[in-house]
**Student:** 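Here it is, the structure, as structure tokens.
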There are 2 protein chains.
Amino acid sequence: MSVDQVSTPSRVAEPDEGITLEELALASRNHAMPLEAMRYDVTPPGLHYVLTHYDIPMLDPATWRLTVRGLVDRPISVDLETLKAMPRHTSRVTLECAGNGRAHLTPRPVSQPWLTGAVGTADWTGVRLVDLLEDAGIARGAVDVVFSGADHGLDRGTEDDYRRALGVADATSEEILVAYEMNGQPLPPQHGFPVRLVVPGWYGMAHVKWLCDIEVVDHAFEGFQNAVAYRIKRNAEDADDPGTPVTRIEPRALLVPPGFPDFMSRTRVVRPGTHLLEGRAWSGWGVVRRVEVSTDDGHTWVDADLEPAPDRHAWQRFTCPWEATDGQHYLRVRAHDASGRVQGDEPAWTTGGFANNADEAVRVVVMEEPPR
Amino acid sequence: MSVDQVSTPSRVAEPDEGITLEELALASRNHAMPLEAMRYDVTPPGLHYVLTHYDIPMLDPATWRLTVRGLVDRPISVDLETLKAMPRHTSRVTLECAGNGRAHLTPRPVSQPWLTGAVGTADWTGVRLVDLLEDAGIARGAVDVVFSGADHGLDRGTEDDYRRALGVADATSEEILVAYEMNGQPLPPQHGFPVRLVVPGWYGMAHVKWLCDIEVVDHAFEGFQNAVAYRIKRNAEDADDPGTPVTRIEPRALLVPPGFPDFMSRTRVVRPGTHLLEGRAWSGWGVVRRVEVSTDDGHTWVDADLEPAPDRHAWQRFTCPWEATDGQHYLRVRAHDASGRVQGDEPAWTTGGFANNADEAVRVVVMEEPPR
């Protein structure tokens, strides 16, 4: 057997092609955050979104080691206890998958078919990456820092461990954590046990899970996840376009779905009267400065009451009163961040389905309570 | 607006109709257990399958009460502290959704589109339901015991809280727990915080989450989840067939997928040589007595080494050595239980897609390691 018979090139779905069994298999093992969980400041265990490229590896914390090597003065190999004895830092960080919103695109890039729930917020605790890098001493000529996870697999014909690099300037930010706790507990297996990278403000692909090795190199890393997979390309016809790298999280606001759902359609049902709409907004490019709410499918907008961020990279709560009248309504919200970015109403199509932060309509039907 | 415009009847998919966006929305919020998690005796938090009919309610444990009322001598209303002061019991229980395997059916009933991972095993701790019922004193003439959760929604035109009943004989089994801990921790929100029912051996629909009320009644309960939703019906054309109730878990064995995956196809890649296949098997009708393994798509079978159950209703581990040779192979496993039930290779079609425990082929490609 050759690799080509197992692992095929990327493609976009045919017009009117429903979600395939392969996409469903990914949607079944990975999972979004049910949007009602945005009621919590910190996402409870098991509700935070999860995306695993290959399998979840089962690592033994007693034998796990993290190495720091390559273009460094003093190569390091630390065990978990040694890591935990280093200065400890905690940050509240909102993490979102770069593919969030992919399944709303036309045509649909065939991959993990996220709707809009691939997000979550956790308190991550660990050591600062920069402390480890300073212990090792980055040598002259360093260009990239390559992070390797213990997960291994095939993707579009390339067999590799999961590996991602950051440039030296990004990698030495004081914000980045080598984390061993999530919400005050050891990392769950699916979030990288025993240790993962947390790169606040960046999409999830940068937060390497099951972290085992950090290598400083003297060139731009050309591994699959950096050079092929996570690239913004607008033109599917141009095979030679290298695209640009996927990096920070675009602004997004989402509502806690009001009322209660219909099981199958997830249409929301609300009683007539005054409701306090609530939701969360975030951006990796700057704090959110303004959230607008429309209860008439985008014809008119009002500003929501926006709370400040509890941490630089944590989502912000917003609320907005709504007088719900009988009938069908489409609710929309959109975030503006400090960098000047704002959500639009049209998806920005890319070949990989990345960074689609178009605002989305929530269908709500206002109905009286049925007679009992 | 009328309910009919929001909540439509059940249907089966058209031939060649891909998974719909509505099914995908369910598959994104609910999630299966990634099958590599069968390596763990007890499923770690966040990996156990989850199915929520409506929304996950956010309950305040300080004000939560459980009432036991109806045809009882001494109605009860207990808070969480009182419940925790009662005699405490822990059971290891494998829980499976009745719809596991639904998306493999042809035609496909349109609902939560499970493949085969809607399963998990946890240590549940709480009080025995029978202790509560004895405190209340079941009166003469009792027929059913109705359990109500705090989750509320619409399904096929019916608006209701999630409610399920057990007959008095089933409900007074010493095995049933009113559980407030999962794996030694308070229940996560999505598993029923603060309190849920655990009915060992039964499919998940019986294990009412966010339990608030228990009512003993003098008649067969005719609520939606018992009388309409969870029924075994073989003939979609016969609208008058009431069907039979979905109750206990049919036997099933599943493999930990060997080797490593291709991201998109989830095809397994294995190196040539000797591998120890492993998996888990369970049944709600009796312990598993035998697991067979086929490495040639069901042409020939050998018996796996089967471990005893650690608890009457917990899955059992099995292993089987395999000499993997170059090329493509389809692996199958099937369980036999103490009741004489055995998995077949053809799905038993039902209108709701329940209890499909047909064995499934796992595609494995055996390839040498690529040159580096």
Side-chain angles (χ1 to χ4, degrees), chain A residues 1 3 5-8 17-32 34 36-37 39-40 44-47 50 52-56 58 103 110-111 113-115 117 152-155 159 188-190 257 260-267 269 326-328 365-367 370, chain B residues 1 3 5-8 17-32 34 36-37 39-40 44-47 50 52-56 58 103 110-111 113-115 117 152-155 159 188-190 257 260-267 269 326-328 365-367 370:
Chain A
M1 296 290 295
V3 165
Q5 292 163 277
V6 179
S7 189
T8 54
E17 181 182 356
I19 307 291
T20 64
L21 278 180
E22 291 192 345
E23 290 168 287
L24 178 63
L26 286 171
S28 299
R29 24 178 308 117
N30 299 306
H31 67 87
E36 65 267 29
R39 291 197 174 95
Y40 302 92
L47 291 176
V50 173
T52 307
H53 286 77
Y54 309 123
D55 279 2
I56 300 167
M58 188 175 177
V110 174
S111 181
W114 291 124
L115 297 167
H152 183 93
L154 265 174
D155 197 350
E159 183 184 331
Q190 69 275 27
F260 58 84
D262 173 57
F263 172 73
M264 193 63 228
S265 68
R266 307 316 287 183
T267 300
V269 178
D326 207 45
Q328 177 171 280
V365 168
V366 180
M367 281 194 307
Chain B
M1 296 291 293
V3 165
Q5 292 165 275
V6 180
S7 189
T8 54
E17 181 182 357
I19 306 291
T20 64
L21 277 180
E22 291 191 345
E23 290 168 288
L24 178 62
L26 285 171
S28 299
R29 24 178 307 118
N30 300 305
H31 67 89
E36 65 268 29
R39 291 199 175 95
Y40 302 92
L47 291 176
V50 173
T52 306
H53 286 77
Y54 309 122
D55 279 1
I56 300 166
M58 189 175 175
V110 174
S111 181
W114 291 124
L115 297 165
H152 182 91
L154 265 173
D155 198 348
E159 183 184 329
Q190 69 275 27
F260 58 84
D262 173 58
F263 172 74
M264 194 62 229
S265 67
R266 309 314 289 180
T267 300
V269 178
D326 206 46
Q328 178 171 279
V365 168
V366 180
M367 281 193 308

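All heavy atoms count here, side chains included; hydrogens, waters and symmetry mates do not. Below, chain A is the first sequence line, B the second, and so on; all start at residue 1.
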**Student:** Is any side-chain heavy atom of B/Leu154 closer than 4.5 Å to one of A/Pro261?
**Tutor:**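 No, too far: nothing below the 4.5 Å cut-off.
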
**Student:** If you take all heavy atoms of B/Ala27 and A/Leu24, which pair is closest and at what distance?
**Tutor:** CB-CD1, 3.9 Å

**Student:** Within a strict 4.5 Å, meaning less than it, do heavy atoms of the A/Val110 and B/Met264 side chains meet?
**Tutor:**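 Yes, close enough: below the 4.5 Å cut-off.
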
**Student:** Taking side chain as everything from C-beta outward and backbone as N, CA, C, O, which of these in B/Met367 sits under 4.5 Å from a heavy atom of chain A? Side chain, backbone, both or neither.
**Tutor:**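 Just its side chain gets close to chain A.
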
**Student:** With only heavy atoms counted, which part of B/Asp55 is less than 4.5 Å from chain A, the side chain, the backbone, both or neither?
**Tutor:**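 For B/Asp55, backbone and side chain are both near chain A.
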
**Student:** Taking every non-hydrogen pair under 4.5 Å, which of B/Pro188, B/Ala37, B/Ala103, B/Pro34 racks up the most with chain A?
**Tutor:**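 Most pairs with chain A among the choices: B/Pro34.
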
**Student:** Just give me the residue among B/Gln328, B/Glu23, B/Arg266 that pairs up with chain A most often, heavy atom to heavy atom, under 4.5 Å.
**Tutor:**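 The residue among B/Gln328, B/Glu23, B/Arg266 with the greatest pair count is B/Arg266.
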
**Student:** Is there a side-chain contact between B/Pro189 and A/Pro44, using heavy atoms and a 4.5 Å cut-off?
**Tutor:** yes

**Student:** Which one, A/Asp326, A/Leu47, A/Thr52, leads in non-hydrogen pairs under 4.5 Å with chain B?
**Tutor:** A/Leu47

**Student:** Any idea which heavy atoms bring A/His152 and B/Phe260 closest together, and the distance?
**Tutor:**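 A/His152 and B/Phe260 have their closest heavy atoms at O-CB, 3.4 Å.
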
**Student:** Relative to chain A, which segment of B/Arg39 carries a heavy atom at a distance below 4.5 Å: side chain, backbone, both, or neither?
**Tutor:**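 For B/Arg39, heavy atoms of backbone and side chain both lie under 4.5 Å from chain A.
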
**Student:** Any sub-3.5 Å donor-acceptor pair from B/Arg29's side-chain atoms to A/His31's backbone N or O?
**Tutor:**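 No.
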
**Student:** Could you work out, with salt bridge (Lys or Arg N to Asp or Glu O under 4.0 Å) as the rule, every residue matching A/Asp262, not counting sequence neighbours?
**Tutor:**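 A/Asp262 satisfies salt bridge (Lys or Arg N to Asp or Glu O under 4.0 Å) with no residue once adjacent residues are dropped.
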
**Student:** Find out whether B/Leu115 and A/Leu21 are in side-chain contact, i.e. whether some heavy atom of one side chain is under 4.5 Å from a heavy atom of the other.
**Tutor:** yes

**Student:** Using modelled atom types and a 3.5 Å cut-off, is there a donor and acceptor pairing between side-chain atoms of B/Gln5 and backbone atoms of A/Val365?
**Tutor:** no

**Student:** Closer than 3.5 angstrom, by distance alone: can the side chain of A/Ser265 be matched with the main-chain N or O of B/Val6 as a donor-acceptor pair?
**Tutor:**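 Looks like yes, one N/O pair under 3.5 Å.
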
**Student:** Find the distance between OG (B/Ser28) and CG (A/Leu26) and round it off to the nearest 0.5 Å.
**Tutor:** 11.0 Å

**Student:** Heavy atoms only, distances under 4.5 angstrom: which of A/Gly46, A/Pro257, A/Gly117 has the most pairs with chain B? Name it, please.
**Tutor:** A/Gly46

**Student:** If the condition is ring-ring contact (aromatic ring centres under 6.0 Å, His included), which residues does B/Phe263 pass it with, not counting sequence neighbours?
**Tutor:** A/His53

**Student:** Within the side chain of B/Glu36, is there an N or O that forms a donor-acceptor pair under 3.5 Å with the backbone of A/Ile56?
**Tutor:** yes

